[in-house]
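As a basis for the values below, the full set of heavy atoms in this structure was taken, side chains included, without hydrogen atoms, waters or symmetry mates. Bear in mind that the values here come from a model prediction, so they are computed numbers and not experimental data. Each chain gets a letter, A, B and so on, in the order its sequence line appears, and its residues count up from 1.
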Amino acid sequence: MNRRGIGGLLACTLLSAACGPTPPPQPPAPVERDLVVLAPDPESGEVGGLTVTTPAGAATLDSANESTTVLRGAAPGAVAVLDDAEIQRVFGQALAVLPPGARHFNFYFETGTDQLTPESKALVTEVIALVKARSAPEVSATGHTDTTGAPATNAALGLQRATVIRDLLIQAGLDSGLIDVVSHGESNLLVPTPDNTAEARNRRVEITVR
Amino acid sequence: MFVQVSTRVTVAICLLLTAMPGLAAAQSADAGRVKAAVGAATIVRQGQSTPARVGDVVYPSDILRTGADGQLAVMLKDDTRLSLGPGSEVALSTFEFAPAEARLSLVLRIARGAMSYASGQIAKLMPAAIRLETPTSVIGVRGTHALIRVEAP
């Protein structure tokens, strides 16, 4: 609809003689207008999806750099791909300060112990190096369990495991004020399983560096 | 034993609330931190405006604001990233990230300006819990990177 409108206007401007006298200039109405763009993920390049909804309609954006313009009260305009130059013109200054994405490290224990696997021990230095490289870094130790046992027990178990890793990182030189400890219990599985399923990959402590 | 319950998480909440009331209280209320602040960049909290500095804590209900030469970036506890170009205002209307208690929500209200939004954990765990609101529309997020400009009169 918008495109046709603009096309008509252009035609009028070009062939003004055929369109009769130009109407007296109107004061410009206040514009309330959004532009919504679906961009690729800044790190992975992965493209997700957005749904733009107004009282008059909706539009779905699902491939890279698709955009829609929305005027107040109207349905979202036709979906159009924005070129990179235009994206930089409008969003360049916001994009310039977008922080680097969080990094996640999974720490695993030898079965039935509080000893880390050799691979996990090696991650400690990597985490410490990354923290040093970041501006205003924060670290979270999040304990996760599998779905064996009751959720409340697992919430407590997750917290215990996360505390073990926190202490280890502090021992390795991490400032204790930078790290917090939480438990997601069995509510945030790495490998989806039904309830009461033993799954080693879900029994982990996830270190997040933000 | 809870296999038949479709929302197993709900059971988890009930158990948690009865068995471990301390856990919920232990979650800190801060939503995230300022990661970049350039030029005129402020945080408005309960009507008070203070200049934003790198490392400052951001809380739910805070409003992020930039002036004509300002840029401001925040990272939330669920890894969500927000950055504002000049002349922008974004309210962190709601932020809850407590997966063990199934409390997840993120509502951002973009009043004006240009914002880059890169989704975090909430988008992975419960995309329907995210709403980006502008004066004209509501934007739902499946992931991962949205750019929004609001031109307000």
Interface residues of residues 47-71 of chain B facing chain A - non-hydrogen atoms under 4.5 Å apart: V54(B), G55(B), Q71(B)

Polar contact flag, side-chain donor to acceptor under 3.5 angstrom, N65(A)-D84(A): yes

Side chain, backbone, both or neither of I110(B) within contact of chain A (heavy atoms, under 4.5 Å): neither

Spacing of L98(A) atom CG and M115(B) atom CE [to the nearest 0.5 Å]: 10.5 Å

Donor-acceptor pair, side chain of S44(A) and main chain of D41(A), under 3.5 angstrom: no

Inter-residue atom distance I139(B).CD1 - T51(A).OG1, 0.5 Å rounding: 10.0 Å

Part of P55(A) within contact of chain B (heavy atom distance under 4.5 Å): side chain

Under 3.5 Å: donor-acceptor pair, side chain of N154(A), backbone of T148(A): yes

When H104(A), R72(A), Q93(A) are compared by non-hydrogen pairs under 4.5 Å with chain B, the top option: Q93(A)

For chain A, the option from A152(B), S119(B), A37(B), S116(B) that forms the most heavy-atom pairs under 4.5 Å: S116(B)

Choice from Q121(B), M75(B), R81(B) maximising heavy atom contacts with chain A below 4.5 Å: R81(B)

More than 12 heavy atoms of other groups within 6.0 Å of R131(B) CZ: no

Side chain / backbone / both / neither for L125(B) at chain A, heavy atoms under 4.5 Å: side chain

L82(A) versus chain B, the contacting section by heavy-atom distance below 4.5 Å: neither

Donor-acceptor under 3.5 Å (R210(A) side chain, K77(B) main chain): yes

Greatest number of heavy atom pairs closer than 4.5 Å to chain B - which of S135(A), S140(A), G158(A): S135(A)

Proximal component of L76(B), with respect to chain A [non-hydrogen, under 4.5 Å]: backbone

Expected output: side-chain T68(A) to main-chain G77(A) donor-acceptor under 3.5 Å: yes

Any donor-acceptor N/O pair, Y108(A) side chain to R201(A) backbone, under 3.5 Å: yes

Choice from L35(A), T54(A), V70(A) maximising heavy atom contacts with chain B below 4.5 Å: L35(A)

Residue selection (most heavy-atom pairs with chain B, distance under 4.5 Å) from P99(A), A136(A), A102(A): P99(A)

Exam field: side chain S88(B) to backbone G85(B), donor-acceptor pair closer than 3.5 Å: yes

Verdict with reasoning, F107(A) to H144(A), per ring pair (Phe, Tyr, Trp, His ring centres under 6.0 Å): CA-CA 10 Å; F107(A) 286 76; H144(A) 299 275; over 10 Å; no

Chain A contact via A36(B) - side chain, backbone, both or neither, heavy atoms under 4.5 Å: side chain

Option that, when pairs with chain B are counted at under 4.5 Å, heavy atom only, ranks first among P40(A), G185(A), G92(A): P40(A)

Heavy-atom donor-acceptor pair, T163(A) side chain to R161(A) backbone, under 3.5 Å: no

Max heavy-atom pair count under 4.5 Å with chain B, selected residue of A94(A), A58(A), G73(A): A94(A)

L82(B) portion near chain A, given a 4.5 angstrom heavy-atom threshold: backbone

Expected output: side-chain D79(B) to main-chain G120(B) donor-acceptor under 3.5 Å: no

